[in-house]
Amino acid sequence: MMNLHFDNKTELLDKIAEVRTKVNEADQQYQFAFARADYKTCGKFSNERAAYRNQMAKLLKYKIKRGWL
């Protein structure tokens, strides 16, 4: 479970940057697997990418609710 309480905006922005890099890495791995036609690992990275995107959405919603635009 992800911690959805941040004391200040910089903590939240650091977490968003961390998750953003994980999304990019998983997306790159997915694209490489898809290009190799390795559909077994393609599905794994697709699910991983979706999980990181969901985390990103939760963090961005938290940011909007706090008014830290």
Side-chain angles (χ1 to χ4, degrees):
M1 193 69 189
M2 188 172 51
N3 179 19
L4 282 181
H5 176 72
F6 299 96
D7 292 328
N8 55 30
K9 187 176 178 179
T10 57
E11 289 179 12
L12 177 62
L13 293 177
D14 290 342
K15 184 66 175 178
I16 288 173
E18 177 186 330
V19 173
R20 183 176 291 135
T21 59
K22 289 180 181 180
V23 168
N24 291 337
E25 290 172 4
D27 186 50
Q28 184 180 26
Q29 293 297 326
Y30 167 76
Q31 290 177 15
F32 288 156
F34 191 78
R36 288 190 311 264
D38 185 6
Y39 299 115
K40 192 174 278 189
T41 57
C42 185
K44 174 188 168 226
F45 288 118
S46 177
N47 292 339
E48 188 176 309
R49 181 180 61 169
Y52 289 135
R53 284 183 176 172
N54 287 336
Q55 284 182 5
M56 180 67 78
K58 289 177 184 177
L59 291 170
L60 292 176
K61 286 178 187 177
Y62 182 84
K63 179 180 172 183
I64 291 169
K65 285 182 182 180
R66 292 291 300 252
W68 290 341
L69 301 174

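One is the number of the first residue; the rest follow in order along the sequence.
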Hey, can you pull the donor-acceptor pairs under 3.5 Å for the side chains in residues 61-69, sequence neighbours left out?
unit_1, atom_1, unit_2, atom_2, d
Y62, OH, F6, N, 3.2
Y62, OH, R66, NH1, 2.9

Task: Distance (rounded to the nearest 0.5 Å) between L60 CG and I16 CD1 - done: 5.0 Å
Open item on the list: Taking K22 first and then E25, would you say they form a salt bridge - that is, a charged N and a carboxylate O separated by under 4.0 Å?
Closed with: no
Task: H5 versus D7, closest heavy-atom pair with distance - done: NE2-OD1, 3.1 Å
TODO: Determine, using the 4.5 Å side-chain heavy-atom cutoff (strictly less than), whether V19 and Y30 are members of one ILVMFWY cluster.
DONE: no
- [ ] Applying side-chain hydrogen bond (donor to acceptor under 3.5 Å, both in side chains), name anything that partners Q31, two or more places apart in sequence or on another chain.
- [x] D27
Task: Between CD on residue Q28 and CZ on residue R49, distance to nearest 0.5 Å - done: 12.5 Å
Open item on the list: To the closest 0.5 Å, what do you measure between NZ (K58) and NZ (K15)?
Closed with: 12.0 Å
Open item on the list: Just verifying a value: how many Å separate F32 CZ and F45 CZ, rounded to the nearest 0.5 Å?
Closed with: 11.0 Å
TODO: Could I get the full list of side chain to side chain contact (heavy atoms under 4.5 Å, CB included) partners for N24, not counting sequence neighbours?
DONE: R20
Open item on the list: Name the residue from N54, L13, L4 that meets the side-chain contact (heavy atoms from CB on, under 4.5 Å) definition with L59.
Closed with: L4
